Number of protein chains: 2
Amino acid sequence: MTPEIKRIMVKLVASASCSPNASRHKIELPAKASNANVVKEKVLMNGVCIKQLKAISEKRLYHTIFHHMSTESACPHNPTISCNDCRLSSLCLPLGFTRSELTEIDEMIKQRPLLQKGDVLYRTSDLFEHIYVIRSGCIKTAILTPQGEEKITGFYLPGDIIGMDGIDNEHYSNSATALDTTSVCKIPFDQIEVLATQLPSLQRHMFTIMSREIVSDQQTMLILNKNKAEARICAFLISLSNRFQRQNLSATRWTLPMSRGDLANYLGLTIESVSRVFTKLRNLQVISIDKRDITINNIDHLQAAANMQDM
Amino acid sequence: MTPEIKRIMVKLVASASCSPNASRHKIELPAKASNANVVKEKVLMNGVCIKQLKAISEKRLYHTIFHHMSTESACPHNPTISCNDCRLSSLCLPLGFTRSELTEIDEMIKQRPLLQKGDVLYRTSDLFEHIYVIRSGCIKTAILTPQGEEKITGFYLPGDIIGMDGIDNEHYSNSATALDTTSVCKIPFDQIEVLATQLPSLQRHMFTIMSREIVSDQQTMLILNKNKAEARICAFLISLSNRFQRQNLSATRWTLPMSRGDLANYLGLTIESVSRVFTKLRNLQVISIDKRDITINNIDHLQAAANMQDM
DNA sequence: CGCCTTCTTGATTTTTTTCAACACGAGTGG
DNA sequence: CCACTCGTGTTGAAAAAAATCAAGAAGGCG
């Protein structure tokens, strides 16, 4: 590990105190981080393992750390943090709760599982009992077709809530799989229901997040309806950029959480088509790509390409 | 009007008494109805106009009437029918309500607007105040793209509930337009919220129907993800067939509620592609088509084509 | 070092769109 | 009653786009 990277990491880890008032980071990835230098140590933050990979490039490690740092004020993946201290609570819970109401909710969310890349949170037709809030990392949800193929229905980032598709018939209609080291809050839905009858603002909040999921699914349908591969991918990149920005991450420089295969599956294209569009956009200087690290150089062009006439 | 058709119509209209116990119809369209004979009269049922067209073929009129008859026990489009008597109440409301609770809900749903073909129920960015239950007819919902194009997000049939996309940011994100003579129940959402805190089963029901909408949107994404036009259209026809069957209509013989253009828009194809697939399916004897009247001759082939390998 | 997964690139084939013409019925007006 | 137009749907030929098939590059990992 180069001294430069070590210095930044130490600084980051040091600022990760479990305090609700810790200032929010706005971090850009410096070009100094290199893929050449490989870190073989386990990386711990406040005693929690955030990377189990045996070898990881400095650049990727740096990405991982600042990603976790900027999505939560306190220790990423730390299962002991309460809703009172959680930076995501504004997304997760309605505003205006009293301290005692918050504590009541905190009591309800006892479990905050830590998933490693590839771990399955729930499977299609598992009994529906919980909804989950993503605290860090990334989750993909997918439906199994009658032919046994997996069709990805969404990618979920910190602050997003998943599992609500299971309310209808008591079983999840999707499966949920971690694309990276991911921590989630596991919330028992029956307790939500009871609490929601007592706290109208919680009931309203539940309606709101479900409505938001409906709108977001329809936005996805909109992207899939664009018939040009380039338009789909550009629209997806813009949507991802906006979501990172909402997490106070850079809007123009980030790492794709998913593989080309997952992306192609989600967008209804083949891997080859995705790869070709990426190459084309890179040749046009619209984006720079290094494996899954994306830099957006020309957001206007991306926007124009996403909106291209397609019916 | 031929005597044969007149006889059937009189029989149908006669059985349309406003009684909750009226038996449900299971009706097939007889081949005798002809497109040649044109009805130029207004058609009334229990004093409510169900067709305003100046000229309509017997066949289409017959379709219209039995469609309305079989979706409701009582007078179609009749705004005075109460939830107590509505045949759709099992879809619309949770089971196990007491008579007084039902009356309370009935009180809340005072308005049951009647829409003619092309009428707009609400527009994108209208203030969200109501959700709507389709009682008869068909509604399409659509999102306006930044370029001003309309992208259809769904088709809704009797028993379906629309407008829940508006909860999130106080404004509808879709517009809703009638594709046919359509009646809806207009339900004030703020009153739903108040009532739902008092009646846990109503709260649960709201969560359920929103969850169902999420699942249904994801099913649509699944159809759009199939990259072959034939697979998309076959999957859509099967889905429509199932929905008609759920309304106790024939699963194999019905009328497309939407134009080729709307269908193409919804499926992310061009009008020409839709037309070509229809022609191909007709040549293969899989379906018969007469304008918008569809007869499914070979459901297995349709199923196989819908499931065709496409990734 | 070699195996495996992921990603890229090229050549070919299939599919769909696009452009253009035409058919048909409904509604209109002479 | 008949020509006319308009909206809707069909069909054909050419062009564009994406899938498919095939091969190879790069990096993680044992």
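The analysis underlying the following values was restricted to heavy atoms, covering all of them including side chains, and did not include hydrogens, waters or symmetry mates. Just so we're on the same page: letters track the sequence lines, and every chain starts at 1. Since this is a predicted model, take the numbers as computed values, not measurements.
- Taking only side-chain nitrogens and oxygens, A:Thr270 comes nearer than 4.0 Å to OP1 or OP2 of D:dA19.
- C:dT17 atom P lies 11 Å from atom CG of A:Asn225, rounded to whole Å.
- Atom CZ in A:Arg260 sits roughly 14 Å away from atom C1' in D:dG27 (whole-Å rounding).
- Remark: B:Arg276 pairs with no residue by the salt bridge (charged side-chain N to carboxylate O under 4.0 Å, His left out) rule, at least two apart or across chains.
- Contacts of B:Ser273 with the nucleic acid, taken as non-hydrogen atoms under 4.0 Å apart, include base atoms.
- Each of B:Asp262, B:Asn174, B:Thr177, B:Thr153 was scored for a side chain to side chain donor-acceptor pair (under 3.5 Å) with B:Lys140, with one residue passing: B:Asp262.
- Distance CZ (A:Arg292) to C1' (C:dT5): 11 Å, rounded to an integer number of Å.
- Between its opening and closing five pairs, the helix from C:dC1-D:dG30 to C:dG30-D:dC1 changes axis direction by 30°, a value rounded to 10 degrees.
- With sequence neighbours excluded, no residue forms a side-chain hydrogen bond (donor to acceptor under 3.5 Å, both in side chains) with A:Gln303.
- When the side-chain hydrogen bond (donor to acceptor under 3.5 Å, both in side chains) test is applied to A:Ser259, no partner is found at least two apart in sequence or on another chain.
- Between B:Lys228 atom NZ and D:dA18 atom P the separation is 14 Å, expressed in whole Å.
- Between A:Phe236 and A:Phe155, the angle of the ring planes goes over 60°, which puts this pair in the perpendicular group of the 30/60° scheme.
- Using a 4.0 Å cut-off on heavy atoms, the residues of residues 276-286 of chain A that approach DNA chain C are A:Arg276, A:Thr279, A:Arg282, listed by number.
- Between A:Ile233 atom CD1 and D:dA17 atom C1' there is a gap of 13 Å when expressed in whole angstrom units.
- Per the geometry, CZ belonging to B:Arg232 stands 10 Å off P belonging to D:dA19, to the nearest Å.
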Protein-nucleotides 20-25 of chain C N/O pairs closer than 3.5 Å?
none

